[in-house]
Novice: 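Can you keep this structure in mind? I'll have questions shortly.
Residue numbers run from 1 in the order of the sequence given. Treat the numbers as computed from the prediction; the structure is a model and nothing was measured.
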Amino acid sequence: MQTAAKFWDGIAEKYAKSPIRDMESYTYTLERTRSYLSPDDRVLELGCGTGSTALLLAPRVGEITASDVSPAMIAVGRRKAAAEGVTNIRFTAADVLDEAPGEGLYDAVLAFNLLHLLPDPERALRRVAARLKPGGLFISKTICLPEPGSGWTRERLVLTLMRGALPVMQLLGKAPFVRITRIAELEAMVTAAGFKIIETGNHPAQPPRRYIVARKVAG
């Protein structure tokens with residue numbers, strides 16, 4: 001994943017300063033995620049970026065390991081944690097498929113805006129399952145393709161145009177790998193990895209960013 005790391009390293013500082021585009025949807029899914037977490041939980045966030053979400057969830061849990069493929073993103077996260085005095089987060093630069101940072105299994109694994117950036121999400125989901133305790137939770141949010149007949153919005157048009165331009169942007173080093181699927185395909189991958197889906201929703205609705213809470217099936 002050296003190419004991905006290089007791309008995200010190059011935009012880390014700019015990314016850290018970018019505002020959240022849909023704060024209402026972000027806040028809603030953040031609160032839903034908090035509702036599933038407990039004060040004693042050990043949590044792993046994959047693709048944490050500059051750590052904004054991990055920092056907001058930290059007061060809710062025992063400890064968080066926040067990992068990202070980009071060392072530059074992780075450096076920003078560490079600065080932010082130090083500035084805010086948050087001490088129960090461990091930031092680490094690691095690929096999704098690397099061995100789980102730290103020791104033991106996790107109560108929850110989070111992956112927000114990540115799965116569509118992975119060349120092999122199926123394998124990544126199996127690794128997630130291996131990192132969780134029996135009955136542990138996988139909580140994710142992933143941009144998906146609009147469903148047929150769902151109508152056109154400005155956001156859907158932008159997504160369509162971006163997908164058309166993506167190969168050229170990737171060739172120029174201006175875009176990362178992206179694989180966007182339909183909701184049904186995404187949920188089938190999650191289920192096949194050994195999970196039972198217990199909550200879903202699209203936040204925002206168009207283009208759908210599928211929020212999924214799934215419990216690891218024992219066995």
Novice: In sequence, state the C-alpha distance, the side-chain angles, and the governing distance for S52 and K80, and then conclude on side chain to side chain contact (heavy atoms under 4.5 Å, CB included).
Specialist: CA-CA 8 Å; S52 296; K80 290 162 67 173; 2.7 Å; yes
Novice: Let me confirm one number: the CZ-OG1 distance from R131 to T65, rounded to the nearest 0.5 Å.
Specialist: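 Separation between the atoms: 10.0 Å.
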Novice: Starting at CZ of R78, measure out to OG1 of T50 and round the result to the nearest 0.5 Å.
Specialist: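 OG1 of T50 is found 13.5 Å from CZ of R78.
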Novice: Taking the side chain as every heavy atom from C-beta outward, state whether D9 and P71 have any atom pair closer than 4.5 Å.
Specialist: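 They are in contact (side-chain heavy atoms under 4.5 Å apart), so the answer is yes.
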Novice: Answer yes or no: does atom CZ of R123 have more than 12 heavy-atom neighbours from other residues, nucleotides or ligands under 6.0 Å?
Specialist: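 Check fails, neighbour count at 12 or below.
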Novice: Does D107 pair with R42 as a salt bridge, N-O distance under 4.0 Å?
Specialist: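 No, no charged N to carboxylate O under 4.0 Å.
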Novice: Side chain to side chain contact (heavy atoms under 4.5 Å, CB included) for L115 and R210? Distances and angles first, verdict last.
Specialist: CA-CA 11 Å; L115 293 179; R210 193 66 164 176; over 6 Å; no
Novice: Give a yes or no on whether Y28 and I212 share a hydrophobic cluster (residues Ile, Leu, Val, Met, Phe, Trp, Tyr; joining criterion: side-chain heavy atoms under 4.5 Å apart).
Specialist: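 No; I212 is not reachable from Y28 via cluster members.
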Novice: What's the separation between atom CZ in R179 and atom OG1 in T142, rounded to the nearest 0.5 Å?
Specialist: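 R179 CZ to T142 OG1: 11.5 Å, rounded to 0.5 Å.
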Novice: Can you name the nearest heavy-atom pair linking A66 to A54, along with the distance?
Specialist: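 The pair with the smallest heavy-atom distance is CB-CB, 4.1 Å.
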Novice: Just how far is it from atom OG of S140 to atom CZ of R209, taken to the nearest 0.5 Å?
Specialist: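 The distance works out to 13.5 Å.
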Novice: Could you state whether M73 and L117 fall into the same hydrophobic cluster, counting links through intermediate Ile, Leu, Val, Met, Phe, Trp or Tyr residues with side-chain heavy atoms under 4.5 angstrom apart?
Specialist: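 Linked, M73 and L117 end up in one cluster.
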Novice: At their closest point, which heavy atom of S67 faces which heavy atom of A94, and how far apart are they?
Specialist: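 Looking at all heavy atoms of both residues, the closest pair is CB-CB, 4.5 Å.
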Novice: Identify the two heavy atoms, one from D22 and one from P204, that lie closest to each other, and give their separation to 0.1 Å.
Specialist: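 For D22 versus P204, the nearest heavy atoms are OD2-CB, 3.4 Å.
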Novice: Kindly give the heavy-atom pair with the smallest separation between S18 and K14, and that separation in Å.
Specialist: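 Taking S18 first and K14 second, the nearest heavy atoms are OG-O, 3.0 Å.
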Novice: Using the salt bridge (charged side-chain N to carboxylate O under 4.0 Å, His left out) rule, collect all pairs that involve residues 194-207, keeping only residues at least two apart or in two chains.
Specialist: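 For residues 194-207, and leaving out neighbouring residues, the salt bridge (charged side-chain N to carboxylate O under 4.0 Å, His left out) pairs sorted by first residue read R32-E199.
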Novice: Testing the basics here: between V190 and A214, what is the closest heavy-atom pair and its distance to 0.1 Å?
Specialist: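 Smallest interatomic distance, heavy atoms only, reads CG1-CB, 3.8 Å.
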Novice: If you link I, L, V, M, F, W and Y whenever their side-chain heavy atoms are under 4.5 Å apart, who else ends up in the same group as I89?
Specialist: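 Joined to I89, directly or through intermediates: I20, M23, Y26, L30, Y36, L37, V43, L55, L56, L57, V61, I64, I74, V86, F91, L110, F112, L137, I139, I198, Y211, V213.
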Novice: What distance separates L145 CG from E185 CD, expressed to the nearest 0.5 Å?
Specialist: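 Interatomic distance, L145 CG to E185 CD, rounded to 0.5 Å: 8.5 Å.
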Novice: Please assess V96 against R127 for the test side chain to side chain contact (heavy atoms under 4.5 Å, CB included), listing each intermediate value before the final yes or no.
Specialist: CA-CA 8 Å; V96 173; R127 290 289 297 127; 5.7 Å; no
Novice: Examine L114 and L132 and state if one hydrophobic cluster contains both, with Ile, Leu, Val, Met, Phe, Trp and Tyr joined whenever side-chain heavy atoms are less than 4.5 Å apart.
Specialist: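 In one cluster with L114: L132, yes.
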Novice: Are I183 and I143 connected, step by step, through hydrophobic side chains (Ile, Leu, Val, Met, Phe, Trp, Tyr) whose heavy atoms are closer than 4.5 Å?
Specialist: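 Each belongs to a different hydrophobic cluster.
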Novice: A quick test of your reading: do over 12 heavy atoms of other residues, nucleotides or ligands sit less than 6.0 Å from CD of E31?
Specialist: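 Yes - once you tally the heavy atoms of other residues, nucleotides and ligands closer than 6.0 Å, there are more than 12.
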Novice: What pair of heavy atoms forms the shortest contact from N88 to A58, and how long is it?
Specialist: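 The pair with the smallest heavy-atom distance is ND2-O, 2.9 Å.
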Novice: Quick one: CZ on F195 to CZ on R215, what's the gap to the nearest 0.5 Å?
Specialist: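 Between atom CZ of F195 and atom CZ of R215 there are 11.0 Å.
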Novice: Where do K141 and H203 land on the side chain to side chain contact (heavy atoms under 4.5 Å, CB included) test, with the steps shown first?
Specialist: CA-CA 9 Å; K141 189 172 180 179; H203 311 288; 4.2 Å; yes
